[in-house]
Amino acid sequence: MNTTYDPTAIERKWQQRWQETGIYEVDLAHAKQPYYNLMMFPYPSAEGLHVGNVYAFTGADIHGRYQAMRGKDVFEPMGFDAFGIHSENFAIKRGIHPKTLIAGNVRHFREQLTRLGGRFAWSHAVETTDPDYYRWTQWIFLQFFKAGLAQRRKAPVNWCPSCKTVLANEQVISGRCERCDSEVGQRELEQWFFDITRYADRLLDNLDHLDWSDVIKTAQRNWIGRSDGAELRFALVKDQAKAISVFTTRPDTAFGATFLVLAPEHPLVGDLKTPETEAEVEAYVRQAAERSQEDRVGGQDKTGVFTGGYAVNPFNGKQIPIYIADYVLYGYGTGAIMAVPGHDARDFDFATKYGLPIVRVVAGPDGDRSTLTAAYEDTGTAIASGPFDGLPTAEAKEAAIRLAEERGIGQRHRTYHLRNWLISRQRYWGPPIPVVYCDRCGTVGVPEEELPVLLPDVQDFVPKGTGESPLAAIPSFVETTCPSCHGPARRETDVSDNFLDSAWYFLRYPSSHDEEHAFDPDLTRKWLPVDSYIGGKEHAVLHLLYTRFVCMALHDLGYLDFEEPFERFRAHGVIVRGGTKMSKSRGNVVNPDEFFDRYGADTLRSYLMFMGPYEEGGDFSDQGIEGIYRFLNRVYHLVRKNAGQSASAASPDVVRLRHQTIRRVTEDVEGLKYNTALAALMEYLNGLQRASSVAREDLQTLVLLLAPFAPHLTEELWQALGQSYSVHQAAWPTYDADVLVAKTVTLVVQVDGKLRERLQLPAGLDEAAVREAALHSDAVRRFLPDGASLRFVHVPDRLLSIVTR
RNA sequence: GCGGGCGUGGCGGAAUGGUAGACGCGUGGGACUUAGAAUCCCAUGGGGACACCCGUGAGAGUUCGAAUCUCUCCGCCCGCACCA
């Protein structure tokens, strides 16, 4: 008998059997206990599956396998997110058409995912680049267009000079392009937007009820960035009919507003300048336009110039000067602020630099009214504020808003950090936006029956940087007829953002073969919302926010009966190596293929899960993986050696250990604490190896509990134990709480908080008996002063604490 | 600057108010072997006058009892960042 553990042979054998028997496919229409187990589908890069993907998918797959053994009909689909700038840029670099490139990458990814041993329902795989898929991406665009949620308008937008396209706000990271790290500039362009800001309140408020990792909820709350305050109008001195609107969260400090500041791009700047200031103002505006976003934001030193104009502070009637400065952002609020240097640090800096008056209008705690040496930004009591004097900040805010509304100089207002979603891209590799421009009929949506608008198969797909997509250079694509009047018309040549493709893929999985609908109403009702979604934190405000928005909008349009797509979302951690992030430049990237070859998928899966808590990630060590490999070897040999034995009765200790292990592993797997689940299995194995005899049931339990982690090895051992195929369809073991109760316990005795004795006692003793036992111990008595009065704290079966003080 | 997380042996980590360091790596010793590999067994936080003391980033506090709760400080990681 060959008893060597040969992962390569075992894994190949069972992968083939799983495929032949289709055990991971689900009868979607008739499933009794549907459980939708989702993970973030990958971007099929040329480098192949990253170990980060392996980590993410393994953790989610273990969850799916566990749910299946709990009797759920688990649907665990997989797909490929293959449109977008990343693969397009790579294709340009290599001079290979992205279509060719992606096909090869997808093939490679599928092989690797199969080697990983995931329980994927491959018959429902989707590829976002498939016309049968993006046809429905275009369909969603059209529904939004018809509902007025998709609009084309001119706006200042982020422009990546290297990718030669616009970017959504979420794709600009500290002033740089998310994809290529180039510095992003601003351009005023006509673009397509999805009006996600209309949903800002719902996107924010729904978070309270979602079972999601807190990190993600916090990130979304911050990104949406709702703030409540007022919009106030300051009339111009020169022309009382004109006013500057400002947004403030502190209307209570309006009496302290000693000047106004406009963003350099503000439309009223032209009206304000005087012959004396004109040259300086124009120079500043020009300079601001040239500076990159990063430069403007980076420097803490504030710059600005006086426009020459004055406004009236409507609260105290004083004339105050109007400045322009680039610390005020055109894109936020109204692009203008009332500067309250006494109570805002930025305004304080600016006022100090340009010698502007600083007035205190909020007294600090204990009525502190001293002269300010720095901005006082906390709350307090209003002073020097006319009718608001003596009111605490919160009340003064309300009073100020009321007063503004009564006098018609402003109103309550709420604003958001969230911007509308810019979805058009001047690129080739994406779904064409299904719109036609007609001189007579205007902007017309492509009729649904004409979808998909196919992406033409062309040789030259390199972006030109003219602000137009490469598609604009293809007359056969551009020239068309108007669907409405049949006259000559031009197609939209921009493609949609890659994040639109991935904002609905999980709706498509169950309906992947449906040619009539984007998603079948019955299947969708049965399978959605998703039961469990696991993915990376990096998508906290990109994918996860867009997805929620798309579902909410589809719900409002009557296509979905839920508004939140993911009931439960868990963010997994990040794998590092040697304490630092893996990157090509550091040369510390783990190539999964190497480890599949050397140890097998079961070992790599288990090791990745053993490195640390799944939600926190871990440190990959080439030596550490040996420990898991040894563990699986020991499991293999123990089971093989004892498989033939009859179901002999095991010792009570082993029985209790078995039940304890079932409980620990079950609870840990439920809580994604895979590292401690494996530790419990190791302890169990150690216990079985030490035991004089091992019963059949002990081995079966070991195999069942290990099955989600090491699916191939356990399948092999399940067969060796004479059980019927498949271990992955067997029932998860249960434990008996009565068996867990130990007959003897180790009871710890503390004297004044220090551990002095461990007593082996029968379980369930009352306090009097425990005291008696403790006071008989020399180790305890030694620390008890003569004649001291003693106090006792008793924790049954755990501890007795004796206090002498 | 704001928000979130983290800080425990040589290393990854366990313990979320009750035996600090489970489990694994590494290391030392032993068994088996002609030898090695593999495997198995024992030991492994520091100190020590060995029936003890110290120890969870630092300091204080609450408690019979704190890695765990509270406050202050230091350090690291992640997200956002002149958001009015």
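Hydrogens, waters and symmetry mates are skipped; everything else that's a heavy atom, side chains included, is used. So you know, we letter chains A, B, ... as the sequences are listed, proteins then strands, and number each from 1.
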Between [X] and [Y], is there a side-chain N and carboxylate O pair less than 4.0 Å apart?
| X | Y | answer |
| --- | --- | --- |
| Asp208(A) | Arg221(A) | yes |
| Asp349(A) | Arg346(A) | no |
| Arg690(A) | Asp653(A) | no |
| Glu398(A) | Arg412(A) | yes |
| Asp201(A) | Arg414(A) | yes |

Base, sugar-phosphate, or nothing: which does [X] touch, judged by heavy atoms less than 4.0 Å apart?
| X | answer |
| --- | --- |
| Leu681(A) | nothing |
| Ser801(A) | base |
| Thr415(A) | nothing |

If the [atom1] atom of [N] is compared with that of [M], how far apart are they to the nearest Å?
| N | M | atom1 | result |
| --- | --- | --- | --- |
| C11(B) | G26(B) | P | 15 Å |
| C50(B) | G28(B) | P | 29 Å |
| G75(B) | C83(B) | P | 24 Å |
| C71(B) | G21(B) | P | 29 Å |
| A15(B) | G59(B) | C1' | 24 Å |
| G45(B) | A20(B) | C1' | 10 Å |
| C6(B) | A14(B) | P | 12 Å |
| G18(B) | A67(B) | P | 10 Å |

Exam field: side chain [X] to backbone [Y], donor-acceptor pair closer than 3.5 Å:
| X | Y | value |
| --- | --- | --- |
| Asn642(A) | Leu638(A) | yes |
| Ser213(A) | Val215(A) | no |
| Arg360(A) | Val362(A) | yes |
| Asn420(A) | Thr197(A) | yes |
| Tyr599(A) | Asp602(A) | no |
| Tyr284(A) | Asp326(A) | yes |
| Asp752(A) | Thr804(A) | yes |

Strictly under 3.5 Å: I want the nitrogen or oxygen pairs between protein and nucleotides 3-11 of chain B, one per line.
from: G3(B); atom 1: O2'; to: Asn222(A); atom 2: ND2; distance (Å): 3.4

Polar atom pairs between nucleotides 52-57 of chain B and protein, under 3.5 Å, N or O only, would you list them?
from: C52(B); atom 1: OP1; to: Arg782(A); atom 2: NH1; distance (Å): 3.2
from: C53(B); atom 1: OP1; to: Arg756(A); atom 2: NH1; distance (Å): 3.3
from: C53(B); atom 1: OP1; to: Arg756(A); atom 2: NH2; distance (Å): 3.3
from: C53(B); atom 1: OP2; to: Arg756(A); atom 2: NH1; distance (Å): 3.2
from: C54(B); atom 1: OP2; to: Lys754(A); atom 2: NZ; distance (Å): 3.4

Nucleotide N/O to protein N/O under 3.5 Å, stretch nucleotides 38-48 of chain B:
from: C40(B); atom 1: OP1; to: Arg634(A); atom 2: NE; distance (Å): 3.4

Checking contacts here: which listed nucleotide (C64(B), C82(B), U19(B)) is nearest the side-chain heavy atoms of Val748(A)?
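Taking heavy atoms from C-beta onward, the closest nucleotide is U19(B).
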Candidates U19(B), G13(B), G18(B) - which lies nearest the side chain of Pro613(A):
G13(B)
Syn or anti conformation of G9(B), syn meaning chi within 90° of 0
syn
Enter syn or anti for the glycosidic conformation of C78(B), syn applying to angles within 90° of 0.
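Anti, which is what one calls it when the glycosidic angle falls more than 90° from 0.
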Which pairs, with at least one residue in residues 611-624 of chain A and sequence neighbours excluded, count as a side chain to side chain donor-acceptor pair (under 3.5 Å)?
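Listed by first then second residue: Arg577(A)-Asp622(A).
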By the side chain to side chain donor-acceptor pair (under 3.5 Å) test, which pairs, at least two apart or in different chains, include something from residues 792-802 of chain A?
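Passing the test, one end in residues 792-802 of chain A: no pairs.
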Base G18(B) paired with Gln750(A) side chain (donor-acceptor, <3.5 Å)
yes
To the nearest angstrom, how far is [X] atom [atom1] from [N] atom [atom2]?
| X | N | atom1 | atom2 | result |
| --- | --- | --- | --- | --- |
| Phe792(A) | G18(B) | CZ | C1' | 17 Å |
| Asp228(A) | C83(B) | CG | P | 17 Å |
| Arg758(A) | G18(B) | CZ | P | 16 Å |
| Tyr327(A) | C82(B) | OH | P | 13 Å |
| Leu800(A) | G18(B) | CG | P | 16 Å |
| Tyr416(A) | A84(B) | OH | C1' | 17 Å |
| Lys673(A) | G13(B) | NZ | P | 14 Å |
| Glu626(A) | U27(B) | CD | P | 11 Å |

For Gln287(A), enumerate each residue passing the side chain to side chain donor-acceptor pair (under 3.5 Å) test, keeping only those at least two apart in sequence or located in another chain.
none
Sequence-aligned protein contact record of nucleotides 68-73 of chain B, with B where the base is within under 4.0 Å of a protein heavy atom and S where only the sugar-phosphate is
------
Let me have the donor-acceptor pairs involving side chains of residues 757-765 of chain A, under 3.5 Å, with sequence neighbours excluded, atom names and distances please.
from: Glu757(A); atom 1: OE2; to: Ser777(A); atom 2: OG; distance (Å): 2.8
from: Gln760(A); atom 1: NE2; to: Thr746(A); atom 2: OG1; distance (Å): 3.1

With sequence neighbours excluded, what pairs up with Glu767(A) under the salt bridge (Lys or Arg N to Asp or Glu O under 4.0 Å) test?
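Arg771(A).
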For RNA chain B, which ranges pair as stems of 3 or more consecutive Watson-Crick or G-U pairs, with both donor-acceptor distances under 3.5 Å?
B:1-7 with B:74-80, B:10-12 with B:23-25, B:26-31 with B:39-44, B:45-47 with B:52-54, B:57-61 with B:69-73
For ring pair (Phe, Tyr, Trp, His ring centres under 6.0 Å), just list the numbers for Phe499(A) and His543(A), CA-CA rounded to whole Å, side-chain angles, deciding distance to a tenth of an Å, and then say yes or no.
CA-CA 6 Å; Phe499(A) 279 102; His543(A) 167 64; 7.3 Å; no
Below 3.5 Å between N/O atoms, which protein atoms pair up with nucleotides 21-23 of chain B? Just atom names and distances, please.
from: A22(B); atom 1: O2'; to: Glu683(A); atom 2: OE2; distance (Å): 3.0

In short, salt bridge (charged side-chain N to carboxylate O under 4.0 Å, His left out) pairs touching residues 657-680 of chain A with sequence neighbours left out are Arg70(A)-Glu670(A), Arg658(A)-Glu697(A), Arg658(A)-Asp698(A), Arg664(A)-Glu683(A)
How long is the straight-line distance from CZ of Phe569(A) back to CH2 of Trp212(A), given to the nearest 0.5 Å?
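Trp212(A) CH2 to Phe569(A) CZ: 7.0 Å, rounded to 0.5 Å.
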Could you tell me the separation between the CD1 atom of Ile10(A) and the OH atom of Tyr5(A), rounded to the nearest 0.5 Å?
6.0 Å
